[in-house]
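These notes concern the structure reproduced below.
Owing to the predicted nature of the structure, the values given are computational and were not obtained by experimental measurement. Computation of the quantities below employed the complete heavy-atom set of this structure, encompassing side-chain atoms and omitting hydrogens, waters and symmetry-equivalent molecules. Naming: A, B, ... by sequence-line order, numbering from 1 per chain.
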There are 2 protein chains.
Amino acid sequence: MAVSARRGAPLSIEEICSTALRLMDEGGVAGLSMRKLAAELNVNPMSLYHHVDSKEALLAQICATAAERMPLPPDDGTPWQAQLRALALAYHRHAREHPAMWTYVQNHPEIVADRRMKLWEVLYRILRLAGVTEEELHRTGDVLYAFVSGFVMAEIRGHLPADREGIDRDFDTAIHLMIHGLAGFGRQAAHPD
Amino acid sequence: MAVSARRGAPLSIEEICSTALRLMDEGGVAGLSMRKLAAELNVNPMSLYHHVDSKEALLAQICATAAERMPLPPDDGTPWQAQLRALALAYHRHAREHPAMWTYVQNHPEIVADRRMKLWEVLYRILRLAGVTEEELHRTGDVLYAFVSGFVMAEIRGHLPADREGIDRDFDTAIHLMIHGLAGFGRQAAHPD
DNA sequence: ACCTGAACACCGTTCAAGT
DNA sequence: ACCTGAACACCGTTCAAGT
């Protein structure tokens with residue numbers, strides 16, 4: 001029988017991706033193998049290759065999709081400092097939900113390099129609010145993203161104190177550093193309200 | 001014959017570590033396997049396990065040793081801003097020489113958690129110069145290390161522009177952000193000279 | 001004490017074959 | 001078009017055996 005050792009539906013790329021992401025959430029990057037994934041889907045390992053070029057391509061697709069779905073704070077008209085904080089918190093929360101996925105992204109930053117991603121739109125809007133010039137926008141965004149991802153990774157890897165209070169204080173320190181760094185960034189930083 | 005398919009010496013932990021680091025430098029984390037390492041050393045794969053508990057333990061030892069050997073800038077009496085910059089540059093240079101090793105460290109931050117490491121000594125000295133209080137020292141150090149490692153990783157992974165000039169400007173932006181972040185950190189930042 | 005070969009339980013992926 | 005089994009070239013590691 002070649003038709004289906006499976007239940008009903010004939011294996012879609014969406015089902016493959018969501019199951020793979022779940023395996024990563026549960027068991028880390030090491031917890032995802034093509035063979036385990038196939039077993040989880042009740043399918044022959046080789047069937048996966050009909051929907052996906054390689055494990056690497058699958059991981060790239062999982063990460064890009066999940067990153068695109070990260071909930072982002074709306075433009076609520078509050079000062080840029082508050083909005084930057086909200087954005088960093090959103091990233092932090094999503095990374096805590098999918099630590100293995102974001103670890104993989106950190107090691108393969110090209111996945112998140114597409115400047116049409118909403119993440120970049122929101123960050124650029126906030127940086128403009130903070131008074132960053134168009135010329136500096138791209139560079140400043142890259143550096144801040146690297147800072148935040150470095151911090152969030154250290155945090156979810158357990159490099160920083162584990163108790164709720166310690167995390168909050170570390171987070172405050174990180175945001176504080178970035179905000180004052182931006183404010184001292186040359187031209188008058190915008191002071192809304 | 002069980003005595004030696006090898007040349008002369010009987011396989012030391014130092015030789016194992018330095019060869020393994022070279023393999024990582026040449027072929028990335030994926031370029032290091034216990035079997036390739038053994039082949040490189042003209043030895044049976046299983047012989048390695050007489051000097052090392054596991055691949056994970058070997059990697060931890062390689063990273064800890066290499067991190068401890070990272071050249072650090074001396075206390076040259078210059079302002080803390082210049083010294084912070086010099087420290088970040090030293091880290092950047094070392095990471096460029098051993099990118100796979102530092103990538104592994106970033107994913108296993110406990111390797112670099114030992115506060116007796118010279119890296120932390122130097123960073124704490126600079127932060128004290130910058131006016132950071134003892135109470136904030138540990139936390140601020142953690143956050144800055146996370147920032148710098150995040151930035152350096154993004155850079156060596158090619159997430160930032162590749163040309164020499166672009167890298168320099170990104171580096172300037174990163175240092176600028178950190179310095180002004182620290183300077184705005186509350187109490188009067190020290191202004192030497 | 002140090003090294004080895006065979007074996008085990010895994011990987012990702014190719015390829016020819018099935019319906 | 002979609003799925004499969006067998007096979008290939010790899011992994012890390014255990015274990016009993018050699019000197």
| task | Using atom types as modelled and distance alone, determine if a side-chain donor or acceptor of A/Arg96 lies under 3.5 Å from a backbone N or O of A/Ile156. | result | no
Note: contacts of residues 50-65 of chain B with DNA chain D (heavy atom, under 4.0 Å) are B/Ser54, B/Lys55
Between CG of A/Asn42 and C1' of D/dT4 the distance, given in whole Å, is 15 Å
Residues in residues 23-34 of chain A with a heavy atom under 4.0 Å of DNA chain C, by number, are A/Ser33, A/Met34
Classify the ring geometry of A/His108 against A/Tyr104: parallel below 30°, tilted from 30° to 60°, perpendicular beyond 60°. parallel
For residues 129-154 of chain A, the ring-ring contact (aromatic ring centres under 6.0 Å, His included) pairs (sequence neighbours left out) are A/Tyr91-A/Tyr145, A/Trp120-A/Tyr145, A/Phe147-B/Phe147, A/Phe151-A/Phe171
ask   = Is a salt bridge present between B/Arg116 and B/Glu121, judged by a nitrogen-to-oxygen distance below 4.0 Å?
value = no
For A/Arg169 and A/Asp163: C-alpha separation, side-chain torsions, deciding distance, then whether salt bridge (charged side-chain N to carboxylate O under 4.0 Å, His left out) applies.
CA-CA 10 Å; A/Arg169 293 176 71 172; A/Asp163 58 297; over 6 Å; no
Rounded to whole Å, CG of A/Leu41 lies from P of D/dC2 at a distance of 16 Å
So NE2 of A/His180 and CG of B/Leu182: to nearest 0.5 Å the spacing works out to 11.0 Å
(request) Give a yes or no on whether B/Val143 and A/Ile167 share a hydrophobic cluster (residues Ile, Leu, Val, Met, Phe, Trp, Tyr; joining criterion: side-chain heavy atoms under 4.5 Å apart). (result) no
From the candidates D/dG5, D/dT13, C/dC11, the one with an atom nearest any side-chain atom of A/Asn44 is D/dG5
Is it the case that the side chain of B/His92 and the backbone of B/Ala88 share a donor-acceptor pair, with hydrogens and angles ignored and the cut-off at 3.5 Å? no
Discussion item. I'd like to know whether CZ of A/Arg69 has more than 12 heavy-atom contacts from other residues, nucleotides or ligands below 6.0 angstrom.
Written reply: no
Within the distance-only criterion (no hydrogens, no angle test), does the side chain of B/Gln83 pair as donor or acceptor with the backbone N or O of B/Asp75 below 3.5 angstrom? no
(Q) Looking at B/Glu97 and B/Arg93, is any side-chain nitrogen of the basic one under 4.0 Å from a carboxylate oxygen of the acidic one? (A) no
OP1 or OP2 of C/dT4 versus the side-chain N and O atoms of B/Ser47: is any pair under 4.0 Å? yes
Here the helical stems involving DNA chain D, each at least 3 consecutive Watson-Crick or G-U pairs closer than 3.5 Å, sorted by first residue number, are C:4-8 with D:12-16, C:12-16 with D:4-8
Can you tabulate the close N/O pairs, meaning under 3.5 Å, that link protein atoms to atoms of nucleotides 6-8 of chain C?
none

For residues 44-79 of chain B, the ring-ring contact (aromatic ring centres under 6.0 Å, His included) pairs (sequence neighbours left out) are none
note: A/Leu37, atom CG; C/dC10, atom P; distance rounded to Å ~ 17 Å
Between NZ of A/Lys36 and P of C/dT13 the distance, given in whole Å, is 15 Å
Here the distance between atom P of C/dA16 and atom OH of A/Tyr49, to the nearest Å, is 17 Å
Whole-Å distance, A/Leu11 CG to D/dA1 C1', equals 13 Å
* B/Glu136 and B/Leu127: side chain to side chain contact (heavy atoms under 4.5 Å, CB included), yes or no, with the steps? -> CA-CA 10 Å; B/Glu136 298 282 359; B/Leu127 292 183; over 6 Å; no
